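One structure is given here, and the rest of the page talks about it.
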Protein chains: 2
Amino acid sequence: MTATKGDTRTRLLDTALGLFTVHGVEGTSLQMIADALGVTKAAVYYHFKTKDEITEAVAEPALRELSAILDHAATLKRHSAQVDYVIDGLVDLIVRNRMLVAVFCSDPGIARAVERSLHGEENVMTRLPAMLVPPDADEGAVVAAHVALAGVALAGGSPALMAMDDERLRRHLGDAVRRLLGRPRRRENLS
Amino acid sequence: MTATKGDTRTRLLDTALGLFTVHGVEGTSLQMIADALGVTKAAVYYHFKTKDEITEAVAEPALRELSAILDHAATLKRHSAQVDYVIDGLVDLIVRNRMLVAVFCSDPGIARAVERSLHGEENVMTRLPAMLVPPDADEGAVVAAHVALAGVALAGGSPALMAMDDERLRRHLGDAVRRLLGRPRRRENLS
DNA sequence: GTCTATACAACGATAGAC
DNA sequence: GTCTATCGTTGTATAGAC
């Protein structure tokens with residue numbers, strides 16, 4: 001909203017994300033952000049009332065995208081189509097934001113941000129697993145879904161896999177999730 | 001070593017773990033630990049030179065156990081036997097330390113501790129995935145192993161699965177990892 | 001050896017002047 | 001919208017009492 005009002009605010013978020021990826025959220029002080037922007041700590045506080053608000057704002061676009069994926073999946077009729085859509089969307093989202101995911105997965109601040117996530121709706125982190133398991137799923141399937149979600153997020157940001165290019169990582173992660181959920185693998189056109 | 005020397009030191013670690021599980025590592029100050037023990041901040045500082053040293057010491061027993069599992073697995077001849085042993089041991093270790101895993105997975109301090117992990121040996125976090133994939137594994141298998149490890153650790157500490165009893169969680173997590181690695185499931189005697 | 005007292009720089013955060 | 005000044009608290013550090 002408010003159209004093109006954010007200039008310094010946008011610069012601030014870009015700078016913060018850059019510093020976060022280098023030093024981590026905890027390792028980045030408001031002073032560092034202010035110095036990098038050429039302003040004072042108090043100037044930063046004008047745009048954001050708290051440090052948590054900054055990390056929240058940095059992560060928001062990705063979370064909003066995830067929420068949109070879930071919303072659209074919910075409109076699909078067949079459950080298998082829903083699962084396919086969510087898997088593809090989630091994997092793509094993670095791969096596209098690798099560094100961001102890597103930084104935020106190992107930081108308690110982002111966990112807080114996700115908990116009271118977007119627009120007060122029901123939490124994204126509870127909608128996700130619920131969407132991946134069929135309505136009549138047994139306990140094992142629920143655990144498998146949690147392993148798949150946690151694993152794909154953390155592995156996607158893993159330093160050991162940073163060298164792999166997006167396309168290959170996307171395919172491998174998708175395969176892993178589908179195997180875990182006991183679903184047939186689709187579109188095996190390449191390789 | 002040094003036999004039964006640690007009284008306050010042990011109490012301190014117990015207290016710290018308790019506070020960590022409630023407020024998180026970052027949310028627990030040395031002051032809180034000192035107050036809970038009825039001593040001064042400086043007294044805490046006598047036993048540990050830094051806060052990182054405390055989190056490291058709290059996590060050390062579990063990391064040492066994990067290292068022992070890898071050491072013993074390395075002595076087994078068949079690769080499949082190694083994988084089976086590591087999976088069972090890792091899953092059991094995680095389930096037994098659920099809260100600890102949950103707390104430490106979302107904290108950058110523990111990541112630092114794990115990095116320069118135990119006794120200067122080669123890192124546990126690099127030995128683990130290497131042990132799970134066969135020597136001639138393709139790229140997809142490597143990614144799957146990372147997903148399995150990250151997923152089982154994070155899912156094991158997930159609040160959504162806290163209600164599940166140890167035995168069932170252990171079985172489901174083991175099944176998930178084996179399915180992800182494309183291995184046949186063993187000992188399906190119960191259920 | 002174990003602790004208290006005290007101090008310090010840096011942190012997140014606030015109030016108010018320009 | 002940005003500043004200076006200041007607050008309380010944090011992690012870290014030293015000196016010295018018992």
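Below, chains carry the letters A, B, ... as their sequence lines are ordered, and counting in each starts from 1. Please read these numbers as outputs of a predicted model, since none were measured by experiment. When reading the values below, keep in mind they use all heavy atoms of this one structure, side chains included, and skip hydrogens, waters and symmetry mates.
Membership of the apolar cluster around A/M162 extends to A/M99, as traced through chained side-chain contacts below 4.5 Å between ILVMFWY residues.
In this structure, B/D7 places its CG atom 14 Å from C1' of C/dG1, rounding to the nearest Å. When the C1' atom of C/dA13 is taken as reference, atom NE2 of A/H47 falls 16 Å away, rounded to whole Å. To the nearest angstrom, C1' of D/dT10 lies 13 Å from CD1 of B/I54. Distance, A/E56 CD to C/dG12 P: 17 Å, rounded to whole Å. In this structure, the CG atom of A/D52 is 17 Å from the P atom of C/dC11, given to the nearest Å. To the nearest angstrom, P of C/dT14 lies 9 Å from NZ of A/K49. Rounded to an integer number of Å, the gap from A/Y46 OH to D/dA5 P is 22 Å. Remark: P of D/dA13 and NZ of B/K51 are 15 Å apart, rounded to the nearest angstrom.
DNA chain D lies under 4.0 Å from at least one heavy atom of each of the following residues of residues 24-44 of chain A: A/V39, A/T40, A/A42, A/A43.
A/Y85 pairs by the side-chain contact (heavy atoms from CB on, under 4.5 Å) definition with A/I69, A/H72, A/A73, A/L76, not counting sequence neighbours. With sequence neighbours left out, the side-chain hydrogen bond (donor to acceptor under 3.5 Å, both in side chains) criterion links A/H79 to no other residue. Considering only residues two or more places apart in sequence or on other chains, B/H146 meets the side-chain hydrogen bond (donor to acceptor under 3.5 Å, both in side chains) condition with none of them.
When all heavy atoms are compared, the tightest approach of A/I110 to A/A59 is CD1-CB, 3.3 Å.
Pairs engaging residues 153-166 of chain A under the salt bridge (charged side-chain N to carboxylate O under 4.0 Å, His left out) rule: A/R98-A/D166, A/D165-A/R168 [sequence neighbours left out].
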